[in-house]
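Report on the structure given below.
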Amino acid sequence: MAKVRWNRERHRPNRVMAFFIVIFVYWRHLMSNVSDVPYIESELYRIRHSAAHVMAEAVLAYFPEARLAIGPPIEDGFYYDFDLGKDENGKPITFSPEDLDTIENKMKELLKQNAVFEQSTKSVADALAFFAGQPYKQELIEELAAGKVDENGNPVSEAVSEVGIYQHRNFVDLCRGPHVPATRNIKANAIKLLRSGGAYWRGDENKPQLQRIYGTAWHNKVELDAYLKRLEEAKARDHRRLGKQLGLFHISQLVGSGLPLWLPKGTVLRETLEGFLRQAQLERGYLPVITPHIGKLDLYITSGHYPYYKDSQYTPIDVDDEKFMLKPMNCPHHIEIYRSEARSYRDLPLRLAEFGTVYRYEQSGELNGLTRVRGFTVDDSHLFVAPDQLEEEFIGVVDLIQHVFKTMGFDDFRARLGTNDPNSDKYAGSPEMWQKGIRAIRHAADRVGMAYTVEEGEAAFYGPKLDFIFRDVLKREWQLGTVQVDFLLPERFDLEYTGADGQKHRPVMIHRAPFGSMERFVGILIEHFNGAFPLWLSPVQAVVIPITDRHVEYAKQVATKLRAAGLRVEVDADNARMNAKIRNAQLQKTPYMLVVGDAEEENNAVAVRTRENENRGAMPLADFITHATSLVQTKAMGL
RNA sequence: GCCGACGUAGCUCAACUGGCAGAGCAAUGCUCUUGUAAAGCAUAGGUUAUGGGUUCGAUUCCCAUCGUCGGCUCCA
């Protein structure tokens, strides 16, 4: 199933892949009324697969020495990987942007000459001989013959003796199809090459780096144009762009990459979110704690973080004769709070919560605005529970996360159970622990009737987890909230409590974060709402606009009253015309513009305009305050 | 980290093959006192990311470093 195959990519917070997802899902939505065939069986899939072949044919016209790797259809298009060899200096030959234009034009020319896609098979031996000089194809054939993995790295059920071949004109490729009948089934004006870039053979950074070209292909030009327009729209709501325009955050080169500075407006937004969660946690019996940003290296050696994640932690800091780490996680610190006194079963469940800032080394090429940073704040909590409380507490956390998501207006989300990969050494603890954790999560999810998918290899190193994956208005998926069950750290730190029986018992830990990280969450919020946040989250909820200088005094009085009612207000007293002030407020996506002139001043009123271009006319100030404060209180989405 | 593109005023962008670095917006000052998406005039703003090199002369060509963007890889 295509759905499964692309799953890994779906969860990467990667912009371009996200775009692929957008279109794929949008397309499926469009087509859902027409037919329910899976993507892999659809005509669009065949068009894209065939377009990849034609692209390879076009590349060979200009780079006859190119060696072909793989060229599959993907969510909204296709790609093909090539090894173009090296130049005289020994540097890999790459595609220039001009090359893409040339190749695209060649493709269009080739598409117009109608060529039939013909399928055949070759024995493994014949195929190896035929693809002599194509080492990547040979490797694929050998792996198929050995019954290992197919071209997408998926396990093959059994060894094959024959491989599929597709040919059109002189272009022959190892391929199991399916394809469109002939090149005329691909419209030349419905394809476009989008970008090129390096890509490791088989996705392995220890293997050669190939040159990948991404393209997109659709049934017709209308669909292509709609897709390109969608890409533009997504670009316009990029949180990095909006963050700058709306004055939410700034990344200074002098402070450092991946270390965002929160500007006043961004801080108001973030603190509002934090305040909301603090309140929700207070109601659920969480206890606040605060811990420092560094801790001794030994702490992380004890916890096991250091050996497992050495590569993504900063080098220890030498202080006197000891080494300290910038904390990569909050749990060890919270564990030390648990251990600060003798615990009894009466203390449990103990729910310690902190907006804890952590630092992780991310490779420079991975940084991205607020969604991928090197220092970020987790809305963290660790629940220390007795084994028989585990399920109940887990359900409580799931309930909290659902509450948070629903309040944000996030209706479209799903859950994913991440389990360990038994073949990987990435995971600590005994198989029994893992089974116990997974069983507890499944049981809890079943009890609350929560559907989830299971993905092997998506667990934390210390235990299985349930992730909440949110789909934004552009239908992109983001992993946000997470709940993790942990039997390991309590053991590593030898945690215990005295039970009613007077004996020592070991607690279980639950790690959880509804937002995930404040940085990423705000980044996603910006894009989801396109910067037009619900009133309760808007950094500036209303701007008072005096029509002339003589109305500034009244405008200030209005602002004072609004502030007294708890609203965030600005007065635009600039020497500018009202129209310009309205325009500015619109561009800042300020929810309400309150225009005040002679008429309003006389009647103690404000003329209400919304960012939705709705002019509601004059209204008594008291009425506006009642209206706005009630919307804030209920965290309403509308204005 | 790897491959590629790029880095000019606070922001968005110009400057043909090397020949005195420019515009709009924003900022500041003045005039206008305005009724629902941009009033007018003026002023100021730059070691063209940083450091080397080639050249009579470098924003432009070359090298290195840093950073941004797009891919890849990674992501507790």
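Scope of the values below: all heavy atoms of this structure, side chains included, with no hydrogens, waters or symmetry mates. Here is the naming used below: chain letters follow the sequence lines, and residue numbers restart at 1 for every chain.
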Are there any protein N/O atoms within less than 3.5 Å of an N/O atom in nucleotides 31-34 of chain B, and if so, which ones and at what distance?
residue : atom : partner : partner atom : Å
B/rU31  : O4   : A/N575  : ND2          : 2.5
B/rC32  : N4   : A/N575  : OD1          : 2.6
B/rC32  : N4   : A/N575  : ND2          : 3.0
B/rU33  : O2   : A/D549  : N            : 3.2
B/rU33  : N3   : A/D549  : OD2          : 2.8
B/rU33  : O4   : A/D549  : OD2          : 2.6

Does A/L370 reach the side chain of A/F521, with side-chain heavy atoms less than 4.5 Å apart? no
Below 3.5 Å, does any donor atom in the side chain of A/R360 face an acceptor in the base of B/rC75, or the other way round? no
In terms of the nearest nucleotide of RNA chain B, which residue is placed more toward the 5' end: A/G369 or A/D574? A/D574
Quote, to the nearest angstrom, the C1' distance that separates B/rU54 from B/rA64. 15 Å
So does A/H511 get a backbone contact from the side chain of A/Q484, meaning a donor-acceptor N/O pair under 3.5 Å? no
Protein heavy-atom contacts under 4.0 Å, written 5' to 3' over nucleotides 2-9 of chain B as B (base), S (sugar-phosphate only) or - (none), form the string BBS-----
For a salt bridge (Lys or Arg N to Asp or Glu O under 4.0 Å) with A/E527, tell me which candidate from A/K235, A/R520, A/R237, A/R476 qualifies. A/R476
CD of A/Q245 versus P of B/rA26: gap in Å, rounded? 14 Å
note: A/R583, atom CZ; B/rG24, atom C1'; distance rounded to Å ~ 12 Å
Reckon A/E98 touches a base, only the sugar-phosphate, or nothing at all at heavy-atom distances under 4.0 Å? nothing
Can you tell me, in whole Å, how much space there is between the P of B/rU12 and that of B/rA21? 23 Å
Under the 3.5 angstrom rule, does the side chain of A/Q541 hit a backbone N or O of A/V569 as a donor-acceptor pair? no
Just to verify, what does A/E601 make a salt bridge (Lys or Arg N to Asp or Glu O under 4.0 Å) with, not counting sequence neighbours? none
With both pairing distances under 3.5 angstrom for Watson-Crick or G-U wobble, and | for a partner in another strand, the correct string for RNA chain B is (((((((..((((.....[..)))).(((((.......))))).....(((((..]....))))))))))))....
Please report the distance separating the P of B/rU17 from the corresponding atom of B/rG1, rounded so that it comes out in whole Å. 33 Å
Between B/rC30 and B/rG22, how far apart are the two P atoms, rounded to whole Å? 28 Å
For A/E614, report the nucleic acid contact type (base, sugar-phosphate, nothing); a contact means any heavy atom under 4.0 Å. nothing
Between C1' on B/rC11 and NE2 on A/H250, what's the gap in Å once rounded to a whole number? 12 Å
Nearest-angstrom distance, C1' atom, B/rG46 to B/rG10: 12 Å
By nearest atom, which of the nucleotides B/rC75, B/rG1, B/rG70 is closest to the A/R240 side chain? B/rG70
Give me the distance, rounded to whole Å, that separates B/rG29 from B/rA44 when you measure between the P atoms they each carry. 15 Å
Where does the angle between the aromatic ring planes of A/Y361 and A/Y314 fall among parallel (under 30°), tilted (30 to 60°) and perpendicular (over 60°)? perpendicular
When you check the gap from the basic side-chain N to the acidic O, do A/D204 and A/R202 get nearer than 4.0 Å? no
A/R374 CZ to B/rG1 C1': how many Å, rounded? 11 Å
Does A/A585 reach a base, just sugar-phosphate, or nothing at all? Heavy atoms under 4.0 Å. nothing
Mark yes or no for whether A/Y338, through its side chain, and A/L383, through its backbone, hold a donor-acceptor pair below 3.5 Å. no
For residues 246-261 of chain A, which side-chain N or O atoms pair as donor and acceptor with protein atoms under 3.5 Å away, sequence neighbours left out?
residue : atom : partner : partner atom : Å
A/S252  : OG   : A/L254  : N            : 3.0
A/S252  : OG   : A/V255  : N            : 3.0

Would you say A/Y80 and A/I213 make side-chain contact, with heavy atoms under 4.5 Å? no
A/E65: side chain to side chain contact (heavy atoms under 4.5 Å, CB included) partners, not counting sequence neighbours: none
Distance between C1' atoms of B/rC61 and B/rG24 (Å, rounded): 31 Å
Taking for each residue the nucleotide of RNA chain B bearing the nearest heavy atom, is the 5' side occupied by A/I251 or by A/G617? A/G617
Can you find a side chain N or O atom of A/Y214 that sits less than 4.0 Å from OP1 or OP2 on B/rC72? yes
Cut-off 3.5 Å, side chains only: do A/D83 and A/Y136 have a donor facing an acceptor? yes
Whole-Å P distance, B/rA58 and B/rG19: 11 Å
What integer distance in Å separates A/D572:CG from B/rA38:C1'? 13 Å
Do NZ/NE/NH1/NH2 and the carboxylate oxygens of A/D598 and A/R550 come within less than 4.0 Å? yes
How many Å lie between CG on A/L261 and C1' on B/rG10, as a whole number? 15 Å
To the nearest angstrom, how far is A/N368 atom CG from B/rC72 atom C1'? 15 Å
To the nearest angstrom, how far is A/N613 atom CG from B/rA37 atom C1'? 7 Å
What does A/K244 touch in the nucleic acid at a heavy-atom separation under 4.0 angstrom: a base, only the sugar-phosphate, or nothing? sugar-phosphate
Is it true that the side chains of A/D472 and A/W478 contain a donor and an acceptor less than 3.5 Å apart? yes
